[in-house]
There are 2 protein chains.
Amino acid sequence: MRPREFDHDDVLRIAFDQFWRKGVRGTSLSDIARDAGVQRGSLYNAFGSKEALFLAAYERYASEYLGSLQEVLGSGSLRARLTAYFDAAIKNFRSGSPPRGCPTTRGLMELGAAEGEGLDENARQAFADLVARITGLLKNALSDGVKRGEFSGDPAIAALHIVTVTRGLAVLERAFGDEAELRKIAKHTVDLVLGKGR
Amino acid sequence: MRPREFDHDDVLRIAFDQFWRKGVRGTSLSDIARDAGVQRGSLYNAFGSKEALFLAAYERYASEYLGSLQEVLGSGSLRARLTAYFDAAIKNFRSGSPPRGCPTTRGLMELGAAEGEGLDENARQAFADLVARITGLLKNALSDGVKRGEFSGDPAIAALHIVTVTRGLAVLERAFGDEAELRKIAKHTVDLVLGKGR
DNA sequence: AAAAGTATTTGACGCGGTGTCAAGAATGTG
DNA sequence: CACATTCTTGACACCGCGTCAAATACTTTT
């Protein structure tokens, strides 16, 4: 059989960068094809559809991002872990120029915009899955904190609260683009969760 | 001059409903024209562009929504106000069937997807403006709370925190669609802000 | 080594969405 | 009654998505 003339992973990286910068709907396969030096039809042949290509590219990103969060949430005092977590998240939102925002949050809010297929549902699950995994990591860190006496409270609801604030930060980033304010809110949240002043 | 054959406000309402349900990009002017019993060209004549139509429709929604929040945040104990605020927000996200999510949050995350014009910037400002006004209402309520001894802390940062959580709830709504969980997070946030347990 | 088989590439097509334009239609005004 | 003004209507160019058949390049079989 005829060999492929492009690298599968290169295309995924290039595609995700475009999706990240311009949104899924805002990115055309022509854009990706041009950037990757590939014919548009070849992308359909290799991936099947725009959504399938996005999903493959997103999975790549998700596992990488989750890995980096796992690292920062895995060692140090609870306060240090949570601070590093928010730092990593904000850094992620503010990466690129102009900043690209949070791919997961942006993807989630783009759902239901596509009315046709059930592909939407696959994407929703992929996004929800990453959010759930991040919540799990936070819960683990908080549970460790309970054991060490750094935190008293329900790790499950606290993790949910933190992940909610994180999504909110991703939204505020789009609205105001003020990184200092994002950090202020993040610090306040850590203080609140850890019970500063008690 | 020839009189217009449709009602300006009717079209705005119909258009916003579509934008809300399917997103700005996911809604075509043909859809709106069909629904409103108007020719597509007439919409361009009356509003100029899809973005301008959206902005006009959004302003309508924004002032209405802001008014309802102003009401619930204006009377009662601080706890009652914040609880009612979250109730109103969640009810808003979950309105329609299927639920349509938060228009502001969805709109914000759709930005930058349109790469062409500076219209994006107008929309961003409209969204950011509503978020800022809501933050102002929250700050007022919290300041009242300080006066009455119901709250001790910085109203500004607390308001920012609450508005961030609210945006986060809008995102989680898309991810999980679990209203009970949203309410749980909202209640936890109120408890945290008001210093339950202290 | 030649032929058959297989997967990829390429270019053309249909469909639908955006935005523009000129021509037609309906009113107010002199 | 004619005129100007505004709205409406339908046609057009352009672009994005997804599909298809034909051409191409490599592997396997004989």
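So that the names make sense, note that chain A is the first sequence line, chain B the second, and so on, each numbered from 1. What you see below is based on every heavy atom in this structure, not just the backbone, and it leaves out hydrogens, waters and symmetry mates.
Between A/S42 and the phosphate of C/dT9, there is a side-chain N or O to OP1/OP2 separation shorter than 4.0 Å. For A/R2, no side-chain nitrogen or oxygen approaches OP1 or OP2 of D/dT24 to under 4.0 Å. Close to D/dG10, at under 4.0 Å from its OP1 or OP2, lies a side-chain N or O of B/Q39.
When each of C/dG19, C/dT9, D/dC17 is scored by its nearest atom to the side-chain atoms of A/K50, the top-ranked nucleotide is D/dC17. Of the candidates C/dG17, C/dG19, D/dT6, D/dT6 carries the atom nearest the B/M1 side chain, counting heavy atoms from C-beta on. Nearest to the side chain of B/E5, among D/dG18, D/dT8, C/dT9, sits D/dT8. Residue B/Y44 has its side chain nearest to C/dT20 when only D/dG16, C/dT20, D/dG18 are considered. Ranking D/dT8, C/dA26, C/dT10 by closeness to the B/R4 side chain, first place goes to D/dT8. Here the nucleotide nearest the side chain of B/L29, chosen from D/dC7, D/dG18, C/dT18, is C/dT18.
At a cut-off of 3.5 angstrom, the base of C/dG17 holds no donor-acceptor pair with the side chain of B/R25. No hydrogens or angles were tested; on distance alone, nothing pairs the side chain of A/R40 with the base of D/dG16 as donor and acceptor under 3.5 Å.
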- Item | Residues A/Y61, A/Y58; criterion ring pair (Phe, Tyr, Trp, His ring centres under 6.0 Å); working and verdict | CA-CA 5 Å; A/Y61 158 81; A/Y58 181 76; 5.8 Å; yes

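Taking OG1 of B/T105 as the reference point, atom CG of B/L130 lies at 9.5 Å (rounded to 0.5 Å).
Inspection of the B/D31 and B/S28 side chains reveals an N or O donor paired with an N or O acceptor under 3.5 Å.
Heavy atoms of A/F47 sit nowhere under 4.0 angstrom from any nucleic acid atom. Across all strands, B/S28 comes closer than 4.0 Å only to sugar-phosphate atoms, never to a base (heavy-atom distances).
Each of A/L138, A/L142, A/I134 was compared with A/L73 under the side-chain contact (heavy atoms from CB on, under 4.5 Å) criterion, and only A/L138 meets it.
For the pair B/R34 CZ and C/dG17 C1', the interatomic distance rounds to 12 Å; values are reported in whole Å. What separates CG of A/L43 from C1' of C/dG11 is a distance of 15 Å, to the nearest Å. Atom C1' of nucleotide D/dC17 and atom CG of A/D31 are separated by 13 Å, given to the nearest angstrom. As rounded to whole Å, 14 Å separates atom C1' of C/dA26 from atom CG of B/N45.
B/L169 and A/L160 end up in the same hydrophobic cluster when Ile, Leu, Val, Met, Phe, Trp and Tyr side chains are linked at under 4.5 Å.
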